[in-house]
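Here is the structure we will look at.
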Amino acid sequence: MKKLLVAFVAALLASSVFAGEFHLGAYFPVTRLDVDFDDGKEDFDASGFGIKFDYTHITDSNFTWKVGTAIGYTRSSDIIDGEKKGGLDYDVGGGLGWTFINTPNMTLSLTGNIGSHMLYFSASDSEYESGVKISYDANFTSYLLYIGPEVSFTYRFTDKLGAYAGLGLYYSFGTTSVDYKVSGGGISYSDNDSYWTDGFIYMPSLGVSWKL
């Protein structure tokens, strides 16, 4: 039994590591979320850009799997009303599916993906009350899981080098953690709360591909 298991793992590693295709390019995440605060739901929308990397493997039967990660810069006007704030967008995930077109020049694949997505924003504001400056500092962090389809297309200029484009549409859910601090006028107060969050993530991407 041990020999069979070792042989299976070795075959899997051989097919996974030494065959397949790498994608490196830009992604443009758009999130449309609802945060369930104590006084009701509020929109939490953001959009940005960053760098995405993934490995896609297509078997002889066209069964397809992929793993990847991405990191980027994102902006939202829902942190402070009327003011765009910059933050961090991070993603890691994978998927299983099928390649419907698989020729020497091009591939068209559809996978069902699952993964995790994080948004992080830091904001500061202040106001004067009776001539005393009161400062507000807050960190907003959304920790999300997601599930949904991704379609990807690759066109090869040579046997190895090509271009790719992809689009993922995901339902996401998780929590948004708010760490805030109020200080000034001889007072200092801090607290942390987490709120249920759900919505959708749209993730287009494009870049270059390299076939092993």
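Here, residue 1 is the first one in the sequence, and each next residue gets the next number.
Between Arg156 and Pro104, the shortest heavy-atom contact is NH1-O, 3.3 Å. Taking each heavy atom of Gly86 and Tyr73 in turn, the nearest pair found is CA-OH, 3.5 Å. Across Tyr202 and Leu169, no two heavy atoms sit closer than the pair CD2-CD2, 3.4 Å. In terms of heavy atoms, Thr64 sits closest to Trp98 at OG1-C, 3.7 Å. When all heavy atoms are compared, the tightest approach of Val208 to Tyr164 is O-CD2, 3.5 Å. Phe44 and Ser76 get closest at one heavy-atom pair: CE1-OG, 3.8 Å.
Between the side chain of Thr74 and the main chain of Ser47, a donor-acceptor pair closer than 3.5 Å is present.
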message = Determine whether Ile147 and Tyr170 satisfy the following criterion, side-chain contact (heavy atoms from CB on, under 4.5 Å), listing intermediate values before the conclusion.
response = CA-CA 5 Å; Ile147 184 170; Tyr170 308 121; over 6 Å; no

message = Thr99 vs Leu108, test: side-chain contact (heavy atoms from CB on, under 4.5 Å). Steps then yes/no.
response = CA-CA 6 Å; Thr99 295; Leu108 178 65; 5.8 Å; no

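Placement of Ile71 and Val92 within a single hydrophobic cluster is found when ILVMFWY residues are connected by side-chain heavy-atom separations under 4.5 Å, directly or transitively. Cluster annotation: Phe100 and Leu167 are assigned to the same hydrophobic cluster (Ile/Leu/Val/Met/Phe/Trp/Tyr, side-chain heavy-atom contacts under 4.5 Å, transitive). When the side chains of ILVMFWY residues are joined at heavy-atom separations under 4.5 Å, either directly or via intervening members, Phe157 and Trp210 end up in a single hydrophobic cluster. Residues Met203 and Phe49 fall into different hydrophobic clusters, defined by Ile, Leu, Val, Met, Phe, Trp and Tyr side chains chained together at heavy-atom separations under 4.5 Å. One hydrophobic cluster, built from ILVMFWY side chains closer than 4.5 Å, holds both Tyr195 and Phe140.
Between Trp196 and Asp198, some side-chain heavy-atom pair lies under the 4.5 Å cut-off. For the pair Phe63 and Ser61, the minimum side-chain heavy-atom distance is below 4.5 Å. You'll find the side chain of Val30 stays beyond 4.5 Å of the side chain of Phe200, heavy atoms only. For the pair Lys66 and Ser152, the minimum side-chain heavy-atom distance is below 4.5 Å. Side-chain contact between Met106 and Ile101: present, with at least one pair of heavy atoms (C-beta onward) separated by less than 4.5 Å. Between Asp78 and Lys85, every side-chain heavy-atom pair lies at or beyond the 4.5 Å cut-off. Using a 4.5 Å heavy-atom cutoff, the side chains of Asp159 and Lys211 are not in contact. Contact check for Leu33 versus Leu144: side-chain heavy atoms found under the 4.5 Å cut-off.
In summary, the aromatic rings of Tyr171 and Tyr146 are positioned with their centroids too far apart to meet the 6.0 Å limit.
Counting non-hydrogen atoms of neighbouring residues, nucleotides and ligands closer than 6.0 angstrom, the CG atom of Asn192 exceeds 12 such neighbours. Shown here is Ile51, whose CD1 atom has no more than 12 heavy atoms of other residues, nucleotides or ligands within 6.0 Å. A 6.0 Å sphere centred on CG of Leu24 holds more than 12 heavy atoms belonging to other residues, nucleotides or ligands.
Taking OG of Ser172 as the start and CG of Leu145 as the end, the distance is 9.0 Å to the nearest 0.5 Å. With rounding to the nearest 0.5 angstrom, the CZ atom of Arg75 is 14.5 Å from the CG atom of Asp89. Going from atom CG of Leu96 over to atom NE2 of His57 covers 12.0 Å, rounded to the nearest 0.5 Å. Within the model, atoms CG of Leu88 and CG of Leu119 stand 8.5 Å from one another, a figure rounded to the nearest 0.5 Å. In this structure, Thr154 OG1 and Asn105 CG are separated by 12.0 Å, a value rounded to the nearest 0.5 Å. Between atom OH of residue Tyr120 and atom OG of residue Ser177 there is a gap of 10.5 Å, rounded to the nearest 0.5 Å.
Under 3.5 Å, the side chains of Asn113 and Thr111 contain a donor-acceptor pair of N or O atoms. Under 3.5 Å, the side chains of Asn139 and Ser122 contain a donor-acceptor pair of N or O atoms. Inspection of the Ser109 and Thr107 side chains reveals no N or O donor paired with an N or O acceptor under 3.5 Å. Side-chain atoms of Asp91 and Tyr27 include no donor-acceptor pair closer than 3.5 Å.
For the side chain to side chain donor-acceptor pair (under 3.5 Å) test with Thr197, the passing option among Thr176, Thr31, Asp36 is Thr176; the others fail.
Ring planes of Phe153 and Tyr155: parallel class, angle under 30° (limits at 30 and 60°).
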